[in-house]
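Working notes for the structure below.
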Amino acid sequence: MVEQQAAVLSPETLIDEFKKNGVTHIITIPDSETNYLYELMLKQDWLDVVPVSREGEGPSTALGLNVAGKTPVVLVQNTGMLESGDSIRGMALDAGFPLVMVVGYRGWTRRGKTPDTAAVYTEPFLHAMGLNYYFVERNSDAPRISEAFSEAQETRRPVVVLIGDEYHGWNR
Amino acid sequence: MIDAKDVFEAFARHRGDAIVTTSGTVGRHWQDVSDNESRDVSLGSSMGQTTSAAFGLALGLPEEKVVLFDSEGALLMNLGVLASVAGKAPRNFYHFLLDNECYATTGGQPVPNGTGINYAGVAENIGYASAHHFDNLEDLVNNLEAIMGSSGPVFVSIKIKPEVENLPVGMRKRTRRRGRAETIDALQAELGIS
């Protein structure tokens, strides 16, 4: 029998947090765990979804939007975050703008070791880059998302929201 | 092939109020030509990513023309951005590519298939509203007014002469007169963005 997660992080919670924090653009590459969120984002008339071709485009596209006075969010999976290393360095950390990156924690498990190296290297990568992060797993964690926005604004640095969603709660 | 400085001088006559950003070392010539420094912005710091930043700027400022002078070495590192641009199709985005077929700043080594790539063909087939290619100055000069008057995203590939640098980086003369933060602050002040 498959163990069911007691509470999940619903896509609607993410949308509410984006709206509450004045997000104008979501720069993203869809992944298998965010499909319903993607569809829901497209339905929001206050939100512009910007699909890109590789994740490294995220921080740089966000920089341009930030210069234009907008509030972008980068939504990618941890594999894509790893791919984005130099873009995070040059276009986010060095640029001096607030940026929230919502990162799907593929391979994360609450039961100890994971065989997925995407998960194995996620937090060491964040530490190496000096990126602070907030772990979010269920709807009750939503205030941490707003905390991430506040911290990004105060520090004018990128801050990561790590979505630990072991049972694909973002999908329906 | 055309001198990069001649490209910039020809473009300057049709710039109007466009915001201009450049990628690659050849872009340094623009600062000697521009007569509207407050609308010149430096966005780059990661090779290949200036294109995406200029794309984001165009999306965020739909009422302003945004012009990027890109380089082919940088674009090849992030070629998928052409699809990203075509997908959102910002009508105010003018994407010029200065193609010298080599990595001039590292000694002139050729980029992969440097002489064989039809960049304008790639841009056109990936979905830019229009794409152009020029390898002589007269043709470029005769078409710039129409290009800048057309609706984007527009792609303009221009063959330029390489300006190869071989000195070790630490011995090179710094040519950029303003840093990225300074240019962004000036642009935001110009546009009333706080």
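Naming convention: chains lettered A, B, ... in sequence-line order (proteins, then strands); numbering from 1 in each chain. Every heavy atom of this structure was used, including side-chain atoms; hydrogens, water molecules and symmetry mates were not.
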Heavy-atom pair count under 4.5 Å with chain A, highest-scoring of B/G80, B/A53, B/A83: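 With the most close heavy-atom pairs to chain A, the winner is B/A53.
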
Max heavy-atom pair count under 4.5 Å with chain A, selected residue of B/V66, B/L187, B/I184: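 Going by pairs under 4.5 Å, I would pick B/I184.
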
Going by atom types only, do [X] and [Y] share a side-chain donor-acceptor pair under 3.5 Å?
| X | Y | value |
| --- | --- | --- |
| A/S146 | A/N21 | yes |
| A/Y133 | A/E123 | yes |
| B/D40 | B/S34 | yes |
| B/D99 | B/S157 | no |

Residue part contacting chain A, namely of B/Q49, when any heavy atom lies under 4.5 Å: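 Contact with chain A is through both the backbone and side chain of B/Q49.
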
Proximity breakdown for B/I193 and chain A, heavy-atom pairs closer than 4.5 Å: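 Interface part for B/I193: side chain.
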
[X] bridged to [Y] by N-O distance under 4.0 Å:
| X | Y | answer |
| --- | --- | --- |
| B/E101 | B/K159 | yes |
| B/R39 | B/D17 | no |
| B/D6 | B/K161 | no |
| A/E147 | A/R144 | no |

Using modelled atom types and a 3.5 Å cut-off, is there a donor and acceptor pairing between side-chain atoms of [X] and backbone atoms of [Y]?
| X | Y | answer |
| --- | --- | --- |
| B/T183 | B/S42 | yes |
| B/N92 | B/E63 | no |
| B/S84 | A/S53 | yes |

Chain A neighbours within residues 112-143 of chain B, where any heavy atom lies under 4.5 Å away: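 So far as heavy atoms go, nothing in residues 112-143 of chain B approaches chain A to under 4.5 Å.
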
Residues of residues 60-67 of chain A contacting chain B, heavy-atom criterion under 4.5 Å, by residue number: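 Counting heavy atoms that sit under 4.5 Å from chain B, the residues of residues 60-67 of chain A involved are A/S60, A/T61, A/L63, A/G64, A/L65, A/N66, A/V67.
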
Residues in residues 85-98 of chain A that sit under 4.5 Å from chain B, counting heavy atoms only: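 Counting heavy atoms that sit under 4.5 Å from chain B, the residues of residues 85-98 of chain A involved are A/D86, A/S87, A/R89, A/G90, A/M91, A/D94, A/A95, A/F97.
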
Residue pairs involving residues 27-84 of chain B (criterion ring pair (Phe, Tyr, Trp, His ring centres under 6.0 Å); sequence neighbours excluded):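 Counting only pairs at least two positions apart or across chains, the ring pair (Phe, Tyr, Trp, His ring centres under 6.0 Å) contacts touching residues 27-84 of chain B are B/F8-B/W30, B/F8-B/F69, B/F11-B/W30, B/F11-B/F69, B/F69-B/F96.
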
A/L37 and A/M41, any side-chain heavy atoms less than 4.5 Å apart: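 When only atoms from C-beta onward are counted, A/L37 and A/M41 do touch, with a gap below 4.5 Å.
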
CD/A/Q44: more than 12 non-hydrogen atoms of other groups inside 6.0 Å: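 Counting other residues, nucleotides and ligands, CD of A/Q44 exceeds 12 neighbours.
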
Co-membership, hydrophobic cluster, residues A/F125 and A/F135, 4.5 Å side-chain: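 Same cluster.
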
